[in-house]
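Quick caveat, the model's predicted, so the values are computed rather than measured.
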Amino acid sequence: LSEGQHTVQLSAEDSLGNQGIDQVSISVKAANSAPTCQIDSPLTGAVLEAGLPVLFEGTVDDVDQEPSTLQVTWMSDVDGDLGASTASSSGAVALQETLSAGTHLVTLQAEDERGVLCTDFVLLSFSSPPTVKLVAPTSGSVVDVGSSLVIEVEVSDGEDAPNALALEWSSSLDGVLSTDSALSTGEASITATSLSQGSHTLIVTAV
């Protein structure tokens, strides 16, 4: 059939001249081109924090139809169907979603009106942050200037051993005090001997 809008009709006539007719309208278009799709953000290999929303952004296009008419979906091999997006006139698509901890292969898929698909993939890792509990000193403690102060913490992490975590001990007045790491049991301590006079906020950060 030539390119264009066609009405195809079928008729049948019996020996008495009675007719039955049915018809259907179809559209014949030029050879179809597959759509294109690309995940722009986040980039493959990124490590993100589990439990926090992530903004997925991408671009889809099709030479045969408007990008906004494509069926666009996002999927994870761990969490399953993440949702659908409607492309803008320029083909931009976005989806904000929270993924579980672990390594995910996230897929962007676009389907045109003839069922032809395109896909793009990114491999992402979602990690839970380590936990830090300050054991000593207690909040509001008072010590003499120039005296030694023992600072104790307990650290843990869902992916790494406690002694593999990078620790930074700091004071709001004196800055970084130490980068000593924890024991394999998760216990860690330092002795601060030269804290300046004043009110300090002690901070221990585990990465």
Side-chain angles (χ1 to χ4, degrees), residues 1-12 20-132 155-161 164-166 168 203 205-207:
L1 295 175
S2 59
E3 186 175 344
Q5 195 74 24
H6 294 254
T7 298
V8 179
Q9 185 181 85
L10 172 66
S11 64
I21 300 173
D22 196 14
Q23 65 183 33
V24 64
S25 294
I26 63 171
S27 178
V28 178
K29 295 186 176 181
N32 185 45
S33 298
T36 60
C37 44
Q38 175 180 303
I39 298 176
D40 301 319
S41 176
L43 299 178
T44 192
V47 179
L48 306 167
E49 186 172 336
L52 293 182
V54 177
L55 180 62
F56 294 95
E57 296 178 294
T59 306
V60 298
D61 197 11
D62 195 300
V63 297
D64 302 312
Q65 62 186 92
E66 289 295 320
S68 59
T69 63
L70 296 171
Q71 301 297 314
V72 181
T73 55
W74 300 80
M75 292 164 285
S76 160
D77 64 336
V78 177
D79 292 343
D81 183 20
L82 300 180
S85 296
T86 300
S88 68
S89 58
S90 63
V93 293
L95 179 76
Q96 184 167 283
E97 191 59 52
T98 301
L99 275 67
S100 60
T103 301
H104 295 249
L105 186 67
V106 176
T107 304
L108 168 64
Q109 177 178 284
E111 180 178 352
D112 69 12
E113 60 188 1
R114 302 196 211 178
V116 180
L117 303 174
C118 68
T119 55
D120 193 24
F121 310 89
V122 288
L123 190 65
L124 305 173
S125 295
F126 289 83
S127 172
S128 299
T131 60
V132 182
V155 297
S156 63
D157 186 74
E159 292 83 30
D160 298 317
L165 300 174
E168 182 181 270
I203 305 166
T205 304
V207 180

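- Scanning all heavy atoms of the two residues, the minimum distance from W74 to D81 falls at O-OD1, 3.3 Å.
- Two residues are said to be in side-chain contact when any heavy atoms from C-beta on lie closer than 4.5 Å; V93 and L70 fail this criterion.
- Contact detail for P67 and S88: the closest heavy-atom pair is CB-O, 3.9 Å.
- The shortest non-hydrogen separation linking A31 to R114 is C-NH1, 4.4 Å.
- Between H104 and D77 the shortest side-chain heavy-atom distance falls below 4.5 Å.
- The two atoms that bring T7 and S25 nearest to each other are OG1-OG, 3.7 Å, heavy atoms only.
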Expected list for residues 118-132: side-chain donor-acceptor pairs under 3.5 angstrom, two or more places apart:
unit_1 : atom_1 : unit_2 : atom_2 : d
D120   : OD2    : I39    : N      : 2.7
S127   : OG     : E159   : OE1    : 2.8
T131   : OG1    : S156   : OG     : 2.6

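- Counting only heavy atoms from C-beta outward, the side chains of I26 and V8 approach each other to under 4.5 Å.
- Side-chain contact between Q71 and T73 is absent, with no heavy atoms from C-beta onward closer than 4.5 Å.
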Self-check item: Intermediate values then yes/no, side chain to side chain contact (heavy atoms under 4.5 Å, CB included), L82 and L99
Solution: CA-CA 9 Å; L82 300 180; L99 275 67; 4.3 Å; yes

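- Judged purely by atom type and a 3.5 angstrom limit, S85 uses its side chain to pair as donor or acceptor with the backbone of A94.
- The number of heavy atoms from other shown groups lying within 6.0 Å of CD (E66) does not exceed 12.
- Considering CD1 of I21 and CG of L10, their distance stands at 9.5 Å, rounded to 0.5 Å.
- Side-chain contact check for V116 versus P35: some heavy-atom pair is nearer than 4.5 Å.
- Side-chain contact between F56 and P42 is present, with heavy atoms from C-beta onward closer than 4.5 Å.
- The side-chain hydrogen bond (donor to acceptor under 3.5 Å, both in side chains) contacts involving residues 49-64 comprise D40-T59, where partners must be two or more places apart or lie in separate chains.
- Nearest heavy atom pair, residue V60 against residue C37, reads CG1-CB, 3.7 Å.
- To the nearest 0.5 Å, the span separating CG on D112 from CG on L117 amounts to 8.0 Å.
- Nearest heavy-atom pair, E113 versus Q65, reported as atom, atom and distance to 0.1 Å: N-OE1, 3.0 Å.
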